[in-house]
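Inspection log for the structure reproduced underneath, given as structure tokens.
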Amino acid sequence: QVQLVESGGGLVQAGGSLRLSCAASGRTFSSYTMGWFRQAPGKDREFVSGISWSGGNTAYADSVKGRFTISRDNAKNTVYLQMNSLKPEDTAVYYCAADVFRDPNRATMGLSEIDYWGRGTQVTVSS
């Protein structure tokens with residue numbers, strides 16, 4: 001069983017920045033594709049960003065490319081999402097996700113492929 005705990009959400013003005021963190025339990029974190037999804041009120045949960053086991057490959061939704069950066073520290077069992085130039089449309093609950101032991105080079109993540117979810121952290125961007 002893997003537990004994922006997010007932190008770093010909050011309220012920020014448009015144009016501001018936030019850094020999300022996700023701490024994972026377990027001794028095999030370096031064999032998980034890790035990523036972030038988000039869900040706004042009344043909308044489906046959507047993929048935001050993912051990172052491969054070693055961190056060598058990353059993937060981003062078109063809506064966040066150039067503004068968000070995902071990274072990981074396998075020694076700390078933690079994945080990060082640096083969010084810059086935030087927009088009101090980025091407002092959502094952000095969920096950390098783990099895809100366990102599937103493909104070491106894969107960074108993209110599909111909803112049906114997620115093995116573990118965090119409880120989410122709220123990000124609110126005011127205009």
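Side chains included, hydrogens not; waters and symmetry mates left out as well; all remaining heavy atoms used. None of the values given here were measured: they were computed from a predicted structure.
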Please check: side-chain N/O of [X] versus main-chain N/O of [Y], any donor-acceptor pairing under 3.5 Å?
{"X": "Arg45", "Y": "Tyr94", "result": "no"}
{"X": "Arg67", "Y": "Ser85", "result": "yes"}
{"X": "Asn74", "Y": "Trp53", "result": "yes"}
{"X": "Asn77", "Y": "Ala24", "result": "yes"}
{"X": "Asp73", "Y": "Thr78", "result": "no"}
{"X": "Ser112", "Y": "Gly110", "result": "no"}
{"X": "Asp115", "Y": "Val100", "result": "yes"}
{"X": "Ser49", "Y": "Ala59", "result": "yes"}

Would a 4.5 Å heavy-atom cut-off, applied to side chains only, mark [X] and [Y] as touching?
{"X": "Leu111", "Y": "Glu46", "answer": "no"}
{"X": "Met34", "Y": "Cys96", "answer": "yes"}
{"X": "Leu86", "Y": "Phe68", "answer": "yes"}
{"X": "Gln3", "Y": "Tyr116", "answer": "no"}

Might you point out which heavy atoms bring [X] and [Y] nearest each other, and give the distance in Å?
{"X": "Ser52", "Y": "Gly56", "result": "OG-N, 3.4 Å"}
{"X": "Val125", "Y": "Lys87", "result": "CB-O, 3.3 Å"}
{"X": "Gln39", "Y": "Ala92", "result": "O-CB, 3.5 Å"}
{"X": "Tyr95", "Y": "Gly118", "result": "CD2-O, 3.6 Å"}
{"X": "Ile51", "Y": "Arg72", "result": "O-NH1, 3.6 Å"}
{"X": "Ile70", "Y": "Trp36", "result": "CD1-CD1, 3.8 Å"}

Donor-acceptor contacts under 3.5 Å from residues 9-23 side chains, at least two apart:
residue	atom	partner	partner atom	Å
Ser17	OG	Asn84	OD1	2.9

Taking only Lys NZ, Arg NE, NH1 and NH2, and the carboxylate oxygens of Asp or Glu, determine whether Arg119 and Glu6 approach each other closer than 4.0 Å.
->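 So Arg119 does not pair with Glu6 through a salt bridge.
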
Using 4.0 Å as the upper bound for N to carboxylate O, is an ion pair formed by Arg106 and Asp99?
-> no

Using the rule that two of Ile, Leu, Val, Met, Phe, Trp, Tyr join whenever any of their side-chain heavy atoms come within less than 4.5 Å, decide whether [X] and [Y] are in one cluster.
{"X": "Val93", "Y": "Val48", "value": "no"}
{"X": "Val64", "Y": "Phe47", "value": "no"}
{"X": "Met109", "Y": "Trp117", "value": "yes"}
{"X": "Leu4", "Y": "Phe29", "value": "yes"}
{"X": "Phe37", "Y": "Tyr80", "value": "no"}

Roughly how far, to the nearest 0.5 Å, is the [atom2] atom of [Y] from the [atom1] atom of [X]?
{"X": "Arg38", "Y": "Gln122", "atom1": "CZ", "atom2": "CD", "answer": "12.0 Å"}
{"X": "Thr108", "Y": "Asp103", "atom1": "OG1", "atom2": "CG", "answer": "8.5 Å"}
{"X": "Ser71", "Y": "Leu81", "atom1": "OG", "atom2": "CG", "answer": "8.5 Å"}

Sequence neighbours excluded, every pair satisfying salt bridge (Lys or Arg N to Asp or Glu O under 4.0 Å) that has a member inside residues 49-66 |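 As it turns out, the salt bridge (Lys or Arg N to Asp or Glu O under 4.0 Å) pairs with a partner in residues 49-66, which skip direct neighbours, are Asp62-Lys65.
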
